[in-house]
Amino acid sequence: MSVHDRPCDDEAQQRRAVNELTDYVLAIRMPGSPPAPAGIKTADVTPATGTDDISAAVIGGLRSSGLTSADFRAKVIFMAPDDARCLIHYAALCGFAGRRVDAYAGGTVLEFSRLAPDGSAFTDAGRPEGHLMWAQAGGPGVPAAPGMPTVRLAPDTPRIAAPEAVSVIRYAARLRMVAPPTARDALAMFLLIAAIRRRADDRFPYLSTGTEPAPDTKDDPTQGIDLEKIRRAAAEYRQQLRAARRGAEIVPPVPVSAHDLRVAEANNASITTVLARLGSTADSTTGRWSCPRPDRHSNGDQNPSVKVFSDERARCQRCDTEKIGPVRLIVDVLGLTPDEAADFILDSDRTVDTRRR
């Protein structure tokens, strides 16, 4: 498991990070987040007010943002404010997405989505003797916690300490995490701990200050912010959205006009034929096509990035949040109206200026 090296304080490193950000389709922000580069779609998640329940406030922010699970089919990045409390929003995003989400923090793109799916590569020393109810983890300076063992992690958290430390993190029923002060280090430590504790999914710790009293029960609410509770609440909200779509009301069909029939006919055309007319080429090994919108890729990248599906739809992993059909592709590439796009598709001899309008 690894993340990008700690950034240097030079302009070249900052330019590389900005270039990497342009590979993303959607940037998610919260209060205090840095701005996303121009041209990237953004969504703001602002916690709901009027409640003292942090989990309810964060889920309320997800609801008001309008985000759906379909948004996370594209490349998504979380623009983290430089504060360890960004972990609260990040936990919700991971739960809603059903996976780890990349983050931008401390001038660096952290590609958490590429981390190994679990922390089994870290060897532990076996289960601790007896039942370990609570434990605490943090950086080298974290103070010992009353009534529980404390694990201190090295600053470069991907290089965990001794197997005995892994055992404590992995087998404690509940774990408090005293996060480093910067978002970059807090996120890296958080994902490492969650992976080591993973069972069916990552298991998130409590976000702790390290000053809480000794716990009385397994689910003692005084131990900090339960990030696992927030992750599960966001995952449940995603399931609610899916159930609502399945239970949508069925209404009689509206007669389709001749105009709409022509657009529908064009949308059923061969997507590969349309790609070829736009100047795209297919890779014989992967079956993917070059994207006819290279201006949206960093440095004009021409690597095959368009996947073609059997329903005559296609999706570029860098440009599209979902599969699109021939008409939408023509509209997007050539700047035509849907009517003009239909004419272009259905009239194979038709030519237009292929320069973006």
Side-chain angles (χ1 to χ4, degrees), residues 1-3 30 54-55 58 78 80-95 100-101 103 105-106 110 112 115-116 118-119 122 124 128 132-199 201-234:
M1 297 178 65
S2 64
V3 295
M30 60 174 284
I54 293 178
S55 177
V58 174
F78 171 53
D82 198 19
D83 185 326
R85 286 179 66 86
C86 70
L87 296 180
I88 300 171
H89 280 74
Y90 185 75
L93 290 180
C94 289
R100 298 165 188 161
V101 178
L110 306 172
F112 292 131
L115 294 181
D118 58 54
F122 296 104
D124 64 49
L132 180 55
M133 181 66 71
W134 279 91
Q136 176 175 278
V142 63
M148 67 182 76
T150 295
V151 171
R152 296 181 175 92
L153 306 179
D156 54 342
T157 51
R159 297 181 179 179
I160 191 70
E164 289 77 13
V166 179
S167 289
V168 171
I169 294 172
R170 180 168 289 154
Y171 297 115
R174 294 289 185 269
L175 184 74
R176 296 186 344 189
M177 171 184 160
V178 183
T182 65
R184 193 266 184 195
D185 290 341
L187 284 161
M189 181 181 290
F190 171 67
L191 264 298
L192 174 72
I193 287 174
I196 291 175
R197 292 176 58 75
R198 184 181 179 92
R199 289 177 183 168
D201 294 301
D202 286 354
R203 284 195 300 154
F204 292 172
Y206 280 63
L207 179 60
S208 167
T209 63
T211 60
E212 293 83 0
D216 292 328
T217 63
K218 180 179 180 180
D219 296 310
D220 188 339
T222 68
Q223 297 305 297
I225 299 170
D226 189 348
L227 299 179
E228 177 65 11
K229 176 183 176 182
I230 292 175
R231 183 189 73 82
R232 293 184 180 184

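In this chain, residues are counted from 1 in sequence order. In this text, all values refer to a predicted model and were calculated from it rather than measured experimentally.
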query: Nearest heavy-atom pair of A233 and S55: which atoms, and what distance?
result: CB-OG, 3.7 Å
field: Side chains of L153 and I169 in contact at under 4.5 Å (non-hydrogen atoms)
entry: yes
- request: Give a yes or no on whether the backbone of G224 and the side-chain of S208 come within a donor-acceptor separation of less than 3.5 Å.
  value: no
message: Using modelled atom types and a 3.5 Å cut-off, is there a donor and acceptor pairing between side-chain atoms of D82 and backbone atoms of T182?
response: no
message: Rounded to the nearest 0.5 Å, what separates atom CZ in R100 from atom CG in L187?
response: 13.0 Å
query: Can you tell me how far CH2 of W134 sits from OG1 of T150, rounded to the nearest 0.5 angstrom?
result: 12.5 Å
- prompt: Do the side chains of M177 and F204 get nearer than 4.5 Å, heavy atoms only?
  reply: no
- prompt: Just one of D226, T217, D219 clears the side chain to side chain donor-acceptor pair (under 3.5 Å) bar with R174, so which one?
  reply: D219
- prompt: Do you know which two heavy atoms are closest between A183 and P81, and how far apart they sit?
  reply: CB-O, 3.2 Å
message: Would you compute the distance between atom CD1 of I225 and atom OH of Y206 and round it to the nearest 0.5 angstrom?
response: 11.5 Å
statement: Rounding to 0.5 Å, atoms CG (D220) and CD (E212) come to a distance of 9.5 Å
message: Quick check: closest heavy atoms across P143 and R152, and the distance to 0.1 Å?
response: C-NH2, 4.0 Å
Separation between CG of L191 and CG of L110, rounded to the nearest 0.5 Å: 9.0 Å
- prompt: Is the backbone of P221 close enough, under 3.5 Å, to the side chain of Q223 for a donor and an acceptor to pair up by distance?
  reply: no
query: Does a side-chain heavy-atom distance below 4.5 Å link I88 with L227?
result: yes
- prompt: Between the main-chain N or O of P146 and the side-chain N or O of Q136, is there a donor-acceptor pair closer than 3.5 Å?
  reply: no
task: Can you label the angle between the F190 ring and the Y90 ring as parallel, tilted or perpendicular, going by 30° and 60°?
output: perpendicular
- request: Using atom types as modelled and distance alone, determine if a side-chain donor or acceptor of R170 lies under 3.5 Å from a backbone N or O of F122.
  value: yes
- request: Locate the shortest heavy-atom distance separating A137 from L175; write the atom from each residue and the value.
  value: N-CD1, 4.3 Å
- prompt: Do side-chain atoms of R197 reach the backbone of A172 as a donor and acceptor pair under 3.5 angstrom?
  reply: yes
- request: With the side chain counted from C-beta on, respond yes when P180 and M189 share a heavy-atom pair under 4.5 Å apart, and no when they do not.
  value: yes
message: Would you compute the distance between atom CD1 of I230 and atom SG of C94 and round it to the nearest 0.5 angstrom?
response: 11.5 Å
- prompt: What's the shortest heavy-atom distance between I54 and R85, and which atoms?
  reply: CD1-NH2, 4.3 Å
